[in-house]
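To start, the structure itself, in structure tokens.
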Amino acid sequence: MAQSYSLFLGCIMPNRYPAIESTTRFVLDKLGIEIKEMERAGCCPAPGVFRSFNKPDWMVAAARNLAIAEANGADLLTVCNGCFGTLFEVNHALKNDEELKKDVNARLADLGYHVEANQEVKHIAQVLGFDIGPYGIRDYLKRKVRLRGAIHYGCHFLRPFHLKQIDDPEDPTILEDYFEALGVELIDYRRKHACCGAGGGVRAGHIEVSLEMLGEKMAAITEVGAEAILDICPFCHLQFDTGQKSLNEKFGTNFNVPVIHISQLTAFAMGLDDIGLEYQTIAPDFKLEAVEL
Amino acid sequence: MIVAFLCQNCAQGAANTAGVQRMRYSDEIHIVRVPCAGRAGAREILHAFNNGAEAVAVIGCCFGACHFSDANLITLRRVKIVKKFLVEMGYSTDCVTMYTSRAAEGDTIVGDFEDILERKYDPETPPCPGGAK
Amino acid sequence: MSKSEKKGKQRKTRKAKNKDEPAEQERPRVGVFVCHCGENIAGVVDVKDVAEFASHLPNVEYSTDYLFMCSKQGIELIQKAVKEHGLNRTVVASCSYEQHWPTFAKAISDLGLNPHMHTQVNIREWCSWVTDDKKAATEKAKRMVAAGVARASKKEPVATRKIPITKRTMVVGGGVAGLRAAMDLAELGIPVVLVEKETSIGGHMTMLNKTFPTNECPMCTVSPLLNGVMSHPDIEVLTLSEVTNVEGTMGHFVVEVTTKPRYVHDNCTSCGRCADVCPVEVENEWDHGFGMRKAIYKPFPQALPSVFTLDTKHCIDCGSCVIVCPVDAVDFSMTKEERTFEVGTIVVATGYEEYDPTEITAYHYGHPDIITQLQMERMLAPTTLTKGKIVRPSNGEVPKTVVVVQCVGSRNDQVGNEYCTGVCCMFGIKNAGIIKDHLPDTEVYFCYIDIRTPGLYYEEYYKRAQKKGIRFIRGRPSTITPDPTGDKIRVEVEDTLTHMPMCIEADLVVLSAGMVAPRGFGKLSAKLELLRAKEGFAKEYHVKMGPVRSSRDGVYLAGAIQGPKDITQTVAHAGGAASAAAQPLVQGFLEKRMDTAVIDEELCISCLGCVTTCPVGAISVAEGEKPKVNDVACKSCGACVPACPVGAIQIRNFRDSQLNAEVSALLSVAAELEGGDE
Amino acid sequence: MSVFKNPPCVLDSGKRDPTIEETLKAAGFDPNLCIQCGTCTASCPSGRWTAMRTREVMRKAAFSIEVVLSDPDIWLCTTCYQCYDRCPRDLQVTDAIIALRNLASARGFISDKHRKTVDLLHKTGHAVPINDRIRKIRKELGLPELPPTVYCYPEELEKLGKTLFQLPPRPEDHDEEEER
Ligand SMILES: Cc1cc2nc3c(=O)[nH]c(=O)nc-3n(C[C@H](O)[C@H](O)[C@H](O)COP(=O)(O)OP(=O)(O)OC[C@H]3O[C@@H](n4cnc5c(N)ncnc54)[C@H](O)[C@@H]3O)c2cc1C
Ligand SMILES: Cc1cc2nc3c(=O)[nH]c(=O)nc-3n(C[C@H](O)[C@H](O)[C@H](O)COP(=O)(O)OP(=O)(O)OC[C@H]3O[C@@H](n4cnc5c(N)ncnc54)[C@H](O)[C@@H]3O)c2cc1C
Ligand code: SF4
Ligand code: SF4
Ligand code: SF4
Ligand code: SF4
Ligand code: SF4
Ligand code: SF4
Ligand code: SF4
Ligand code: SF4
């Protein structure tokens, strides 16, 4: 039986970086993974802002998304750390707390949904980096890339550790191994595992602070001469992409490092030329260099 | 009448301290000396109920301070099991409890006594085995 | 419940067969003595009424009251009554068991009765002093006396036994604790077997460079003890040895010790020629990465016994050492040896191990410039690779900035060690100070959560370190990360006192890793049947009153195996353990009150409920036999009694029949008295 | 004179708000267990650039003083979970901050910028809604112009908007009757 996932789009991917969506679909298709659409799904909702305003409401909205995936009969797949953070946490909470599940279902009933929390919530980076893995992916590659890349993990993929238990958040290797398999030469930089500054409603509420955090990361990334930032989350992607422009305007810097999502880079290595970098704010003319196998 | 099995270390020590401090508690409390709370088990508790006790307390040293290497934890488990039988027989589980106390502090054990006394009088719960009229 | 009643009946019918039950005793003749204690009792309880009531109770032959029972006259009154009325049991209704049971028990034993035939009923602390209402107090006293009389009627004599013991001790673990204990015991004339698993004795103390609070050389401090132990005629030292089996109980343990072959005989003169020619060089475990050794080696120059050891794991069998040895000490044919020893008591002194910080991944232990304090001690030792110089292990340069990080693996719920090691603040300060002394131009930062220096001379030691200019930062680093763009180690920490987050770019980071229970102790403690605390250390018998006793009789704890300790505390603790372990051996026998558990073999169905329950492992079972209680080990707690589904195991004088008689009498008198009222 | 009667150093226990402590405990953070070690602050990416000190937020929460709720500092956390993963007392620091924000929100302490995000969610079902440029790009990339999300289902969107995230007004324009 072919593997299938309910693909959760979220907000930023379809509404800001559609190329991440198109490359994700391309990659899943090449891997022979069936995509079940999640009609009527909404915002995950974002773990920073909405959970902060009203955690119970946030749970209900997230449970609604989980319910849509359950009705599809396929585990939920996210392409974003924020969505993963929310949906994983709520799914986990519902799995482990019958009382909570009852309460949430009582409120969901009014909206016409019911959640069982009997499925898994997965991140695309887990599927690529672990399920398929750095060895497995070789079978699907048409070419490799020549690129000095700096990885940015983001926060909600690996943390909090006791919930996620995917890899050690202080020194993970899952993405390093994977990107290396695609041909990337990886460079470490200071505070590699620190936050990009976007989350928690800080980008929305305190853009200056959010940019300062980004600036610190960007300075470290440029210092080591990375040619691209490799990420796994459209929100980090947005922060790095548009944030560099804002930094340049505000602080007179001249950051210009292209930002590439794991799906985009994988699609490229699988032979897709148009991975949508031209639509991005920073370095729209950047071209990936291919290395034939 | 309430039967309280007290270990010869902390629990009896606490009862003696309560006396020395002239604290007050109900004359319904009857202390039965046991070497260790571990000596009181289901047979002892049920025997007391069969003979008309309205509530039974087992009182030992604080957990971690048992003078016989954690035998009081064994007792705690046993008391829980007795509660299970009582439920199955349709009785209140309230009227048997394990407590711990500190020899130097009379009020810890007087508090235990007061607590067990309240359990006896609870009209909300089905009758205790011995207390059933 | 009817089921258990039936069981009860069954037991009664079979009771006559149980030779241990006190069935064939003469008819009980009980005397009741109610005390006034001045106004203490009589002011609340109507003592005359109680004595009158008692006279009608079953088996009571005589009943009276008196002003002060414990006075000389009171005791004479009791003795006279016993003689005149042929009493064989006494009940004194007065004060607590602790206060006067011994007094009255002695009074009757002076007359030739067994002291355990006396029953104390506490109508003072448990009745007159806690009850306001005089009538209620009097009724309660009556119920108590009735219960006491019922109990007394069922009592049985209890013997005291003298048990001879083997006058020899085994000390397991040859650190400073084990050495101290062995020496103290041997000085009392008790033969000692000292079992050490490593090639040499001395433990962690011999790895240290200096010791707080005096900064003395630990080798100098401990070597008289090391030499003393090695040369003492009453101490047999077994190195490369471990305890592989333990049988028996206090007074008579049979311990099997397995000794690994050293491949070098004791005639080795420690000349070192073999090591000179040996082609194999490996890391010396003793030096924690700061020293090398050959495949035939001595871990450190002063190691005792002063005999080389051949490490077959690394040896390539070239034979050079055999050829060069002037006394033909090297011998590949040596094999593992097993010996058994009979000993009366055992002292466990297996010490501790340094916490391995790898688990705290944010600290990146494993990088060459991030080391532990024990590694620092070795780096500072003149015999290791750096010859005592402080350098960055990665490049051999002198560090300009050093950060000492406290509470690594202690006070940390995430790694499961909630406790404060209590020693690391002191050794952290020690080494920070030594670094500052060696390298005055180097900045030394000391990151701590709290500084804990309790005890005489310890805060003073801290103050001296402060004077040296060490920068104390109150904050726990969140991360310690090697800089990917340079060779510094970045330590991120908040100085919580100025609320300032900062990043220190260090050349060398020293982690004050805590002390944890040694690896392999689980196996040893299982052989010895010792309880362990959840932290892994051996659990003491009582944290205040028995810190050197273990959960098992006859096994004592010395030093850091009972919990982290510095050397001062370790030595004091070991001394205490030695005297506790010597006590029964010096006396020559154990005196034991036999109110212990007994099993009625006919009733026993071999379910082993009691065996698994006994908290001290006093019940053992041999293949195909019924379980047996070891009288010496049993502590008379009675925890086994409720575990038995058929009532086969009982403890003397707290049998089911005895306890039930007391409770029944209490409750039936209560019902009677209540009925009479209405 | 009365101005000087109560110097600010006098701890006014009347100002304690016990709900703060209770809420935090329910969120897995007993503020009394914090040993003020500063691991959280040192972990915090926000504290590097602002005056926010995670440790201090926790301290104020332990005192249960209401100012911790109106303090914009609690909105500087990016929920990066570094403090949470490193706290030696295993306190769930980030969850505690979320709990504080929930309390603050319930009392109307939400910035206008954040209110806008909620408006977007109510209107479009997304925190970041689509625009014309993206519609065009989606077509170019061969994707449906509009993803089939709740945005395409206005009735359901309206129902969601009515059920979820009804924010109380800011405390300034807060009048007596509206209090719940
Ligand atoms: C870095 C550091 C610095 C320190 N500095 C100081 C200081 O300056 N001043 C001070 O007072 N204290 C200091 N201490 C503490 C000191 O090391 C201890 O107090 C002391 O060593 C404890 O002695 P011990 O005999 O109990 O344990 P150990 O020294 O650990 O000895 C235990 C012995 O038992 C052996 N053993 C273990 N398991 C078995 C087994 N199963 N069978 C047989 N043998 C076994 C071991 O090989 C070892 O020889 C320091 C500790 C550290 C970590
Ligand atoms: C407020 C407080 C709380 C404490 N709480 C704890 C606790 O919770 N847990 C804990 O472990 N420890 C606690 N301690 C410490 C504990 O009290 C001591 O460790 C312990 O009492 C020391 O016992 P000691 O026998 O050495 O001294 P002491 O108890 O002081 O006994 C010394 C005895 O010697 C007698 N004496 C003195 N001089 C002479 C003389 N010249 N001739 C004859 N007799 C003399 C004294 O009268 C006294 O009876 C506490 C201490 C204090 C002050
Ligand atoms: S025996 Fe006890 S109660 Fe009686 S006088 Fe003596 S101290 Fe008082
Ligand atoms: S084994 Fe022989 S050569 Fe080696 S040190 Fe001993 S005596 Fe010298
Ligand atoms: S035989 Fe082994 S120990 Fe001896 S010299 Fe050769 S390698 Fe070294
Ligand atoms: S002694 Fe000091 S360094 Fe060690 S655990 Fe305790 S407080 Fe931390
Ligand atoms: S009385 Fe206690 S110590 Fe003795 S055998 Fe029974 S359980 Fe073990
Ligand atoms: S619990 Fe009773 S029946 Fe079971 S083995 Fe022990 S003595 Fe025998
Ligand atoms: S890390 Fe934990 S214990 Fe330390 S200050 Fe922060 S919340 Fe408190
Ligand atoms: S979770 Fe929030 S408070 Fe904690 S370190 Fe990250 S940004 Fe700071």
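Numbers restart at 1 for each chain; the letters A, B, ... are given by sequence-line order, proteins then strands. Only a predicted model underlies this, so the values are computations on that prediction, with no experimental measurement involved.
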Report which part of [X] has an atom under 4.5 Å of a heavy atom belonging to chain B: side chain, backbone, both, or neither.
X	value
C:Val543	neither
C:Met144	both
C:Ser664	both
C:Asp133	neither

C:Val598 vs C:Val629 side-chain heavy atoms within contact, under 4.5 Å:
no
Would you call [X] and [Y] a salt bridge, taking side-chain N to carboxylate O under 4.0 Å as the test?
X	Y	value
B:Asp27	C:Lys140	no
C:Arg655	C:Glu156	yes
C:Asp46	C:Lys134	no
C:Asp553	C:Lys635	yes

Counting only non-hydrogen atoms closer than 4.5 Å, does [X] touch chain C with its backbone (N, CA, C, O), its side chain (CB onward), both, or neither?
X	answer
B:Val3	side chain
B:Gln21	neither
B:Arg78	side chain
B:Val110	neither

**OP:** Is it possible for you to check whether B:Arg39 lies under 6.0 Å from the centre of the six-membered ring of B:Phe5, through NZ or CZ, and within 45° of that ring's axis?
**Re:**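 Pair B:Arg39/B:Phe5 does not count as cation-pi.
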Could you check whether C:Arg151 makes a cation-pi contact with C:Phe654, meaning its NZ or CZ is under 6.0 Å from the centre of the six-membered ring and within 45° of the ring axis?
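That pair qualifies as a cation-pi contact.
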- Find the one option among B:Ala40, B:Gly106, B:Gly41, B:Ala15 whose heavy-atom pairs under 4.5 Å with chain C are most numerous.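 Of B:Ala40, B:Gly106, B:Gly41, B:Ala15, B:Ala15 has the most heavy-atom pairs under 4.5 Å with chain C.
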